[in-house]
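All figures in this text were calculated on a predicted structure; none of them were measured in a lab. Residue numbers begin at 1 in each chain, while the letters A, B, ... track the order of the sequences.
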Amino acid sequence: MRIGYPCINRSIGCSANRSFRLKSYSEEKLIETVENNLDCLEVILRDNVDHSLLFFRISSDLVPFASHPVNTFPWHTHFQSKLRQIGTFIRENDIRISMHPDQFTLINSPKQNVHQRSVSELQYHARVLEAMDLDDQAKIQIHVGGIYGDKNRSKKRFVKRYKALDPFIRKRLVIENDDRCYHVQDCLDLHQDTGVPLLFDTFHHVVFNGGNTSSMAGIFRKVRKTWANNDGVPMVDYSSQQPGEKPGKHAQTIDVENFLATVEALDDCDVDIMLEIKDKEKSARKAFSKLQTFLSGQKF
DNA sequence: GCGAGTCAAGGTAGG
DNA sequence: CCTACCTTGACTCGC
């Protein structure tokens with residue numbers, strides 16, 4: 001089981017998701033920013049390895065405006081050797097990688113231009129992982145999309161759009177249950193029709209489950225089967241409720257008891273867990289250490 | 001140097 | 001048809 005956190009490390013003062021305003025776009029600025037982001041990505045990954053954190057989500061800002069028409073720079077060839085070097089480090093240390101395009105990536109949108117831009121965005125993400133020479137276990141996670149007034153039609157449109165994707169994208173794509181539109185059962189339905197693996201978000205599931213009252217263990221037994229051998233062990237996103245805030249608000253720092261209870265509920269299945277907790281690597285390090293104690297205690 | 005406003009992109013809910 | 005809200009960090013500008 002690997003433990004990880006998304007995109008940002010708050011303690012080493014190096015950021016792999018620097019960007020800039022579209023208005024101030026220039027090729028020089030792009031090159032300088034990507035150089036910084038790649039250097040920092042490597043620094044962060046080394047720091048993670050030093051702390052036994054072997055799961056990491058690479059920021060979508062790695063290459064700013066990568067799928068925007070303003071950016072015609074051939075970044076994946078220009079930075080080829082650096083990208084490959086980072087990929088080698090990732091493979092040598094057995095690090096699991098994910099990426100998560102943001103809310104604007106909606107392959108089931110009825111609007112042709114939204115759909116088209118989403119595919120370009122997915123292509124960018126797939127290219128990054130490909131340039132690092134990572135295998136199919138490096139995943140790109142998205143939500144199913146909008147409902148557009150008719151959930152069944154929108155699910156059907158997802159299936160159709162998924163099947164039309166380039167295999168180069170499809171082999172890495174996984175869908176994540178969200179906290180307001182598409183719950184785990186919806187995602188399992190879509191898996192039936194497409195074979196797409198389901199990335200289980202435990203916190204989204206607590207917030208929005210469509211009235212599904214089965215235990216987390218029962219649900220996860222179904223979820224894990226959506227991951228084929230070449231997909232690697234299932235990825236799971238974990239968070240907990242920030243006390244005193246609106247339901248669905250991610251915690252500022254880890255709730256260790258809740259974390260261990262969730263791990264237990266996943267029913268001993270080997271998974272890679274990403275902590276979507278605000279203080280990032282701080283909680284991830286704590287999770288790793290508590291988990292070591294917890295697991296060694298369980299064996300006796 | 002600091003605080004406030006703003007940022008490529010979409011969607012849902014409520015009126 | 002319209003507006004408010006979702007949600008996040010950091011860029012950018014005005015003071």
Q: Whole-Å distance between C/dC6 C1' and A/Asp179 CG?
A: 9 Å
Q: Parallel, tilted or perpendicular: which fits the ring planes of A/Tyr5 and A/Phe56, with parallel below 30° and perpendicular above 60°?
A: perpendicular
Q: DNA chain B: stems of at least 3 consecutive Watson-Crick or G-U pairs, cut-off 3.5 Å?
A: B:1-7 with C:9-15, B:10-15 with C:1-6
Q: Rounded to the nearest Å, what distance is computed from the CG atom of residue A/Asp102 to the P atom of nucleotide C/dT8?
A: 13 Å
Q: Does a donor on one side chain sit under 3.5 Å from an acceptor on the other, for A/Gln185 and A/Asp189?
A: yes
Q: If you link I, L, V, M, F, W and Y whenever their side-chain heavy atoms are under 4.5 Å apart, who else ends up in the same group as A/Val233?
A: none
Q: Given the P atoms of C/dC2 and B/dA8, what is the spacing between them in whole Å?
A: 24 Å
Q: Do the non-hydrogen side-chain atoms of A/Glu121 and A/His125 ever get within less than 4.5 Å of each other?
A: yes
Q: Do any of residues 118-132 of chain A sit with a heavy atom less than 4.0 Å from DNA chain C, and if so which?
A: none
Q: Assess whether a salt bridge exists between A/Asp193 and A/Lys163, defined as any Lys/Arg side-chain N lying under 4.0 Å from an Asp/Glu carboxylate O.
A: no
Q: What is the distance from CG of A/Asn36 to P of C/dA10, rounded to the nearest Å?
A: 12 Å
Q: Could you tell me how far apart A/Gln103 (CD) and C/dT8 (C1') are, to the nearest whole angstrom?
A: 10 Å
Q: May I ask you to say what A/Tyr148 touches in the nucleic acid, namely base, sugar-phosphate or nothing, with a heavy-atom cut-off under 4.0 Å?
A: sugar-phosphate
Q: Please give the distance between the P atoms of B/dG14 and C/dT7 as a whole number of Å.
A: 15 Å
Q: Tell me which residues in residues 4-26 of chain A put a heavy atom below 4.0 Å from DNA chain C, sorted by number, or none.
A: A/Ile8, A/Arg10, A/Arg18, A/Ser19, A/Phe20, A/Arg21, A/Ser24
Q: Is a salt bridge present between A/Arg46 and A/Glu42, judged by a nitrogen-to-oxygen distance below 4.0 Å?
A: yes
Q: Look at A/Arg285 together with A/Asp47 and state whether they make a salt bridge at an N to O cut-off of under 4.0 Å.
A: yes
Q: Could you tell me the separation between the CG atom of A/Asp178 and the P atom of C/dC6, rounded to a whole number of Å?
A: 16 Å
Q: Ignoring hydrogens and geometry beyond distance, is a side-chain donor-acceptor pair present between A/Asn9 and A/Ser11 at under 3.5 Å?
A: yes
Q: Does the gap between the ring centers of A/Phe203 and A/Tyr238 come in under 6.0 Å?
A: no
Q: If I pick the P atom on B/dG11 and the same atom on C/dG9, what distance separates them, to the nearest angstrom?
A: 24 Å
Q: Between A/Tyr182 and A/Asn108, is there a side-chain heavy-atom distance shorter than 4.5 Å?
A: yes
Q: How about A/Tyr124 and A/Trp75: are their ring centroids closer than 6.0 Å?
A: yes
Q: Could you walk me through whether A/Phe200 and A/His205 pass the ring-ring contact (aromatic ring centres under 6.0 Å, His included) check?
A: CA-CA 8 Å; A/Phe200 185 44; A/His205 176 68; 5.5 Å; yes
Q: Is it the case that the side chain of A/Arg172 and the backbone of A/Ala138 share a donor-acceptor pair, with hydrogens and angles ignored and the cut-off at 3.5 Å?
A: yes
Q: Can A/Arg224 and A/Asp270 be counted as an ion pair, charged N to O under 4.0 angstrom?
A: no
Q: Under 4.0 Å from a heavy atom of chain A: give me the 5'-most and 3'-most nucleotides of DNA chain B that qualify.
A: B/dG5 to B/dT12
Q: May I ask you to say whether A/Asp272 pairs ionically with A/Lys139, meaning some side-chain N is under 4.0 Å from a carboxylate O?
A: no
Q: Taking only heavy atoms on the protein side, list every residue of residues 239-252 of chain A lying under 4.0 Å from any atom of DNA chain C, sorted numerically.
A: A/Lys246, A/Lys249
Q: Taking the same atom, C1', in B/dG1 and in C/dT8, what whole-Å distance lies between them?
A: 24 Å
Q: Check the pair A/Ser81, A/Arg84 against side-chain hydrogen bond (donor to acceptor under 3.5 Å, both in side chains), reporting the backbone distance first and the verdict last.
A: CA-CA 5 Å; A/Ser81 72; A/Arg84 208 178 283 160; over 6 Å; no
Q: Could you tell me how far B/dG5 sits from C/dC5 if I compare only their P atoms? Round to whole Å.
A: 15 Å
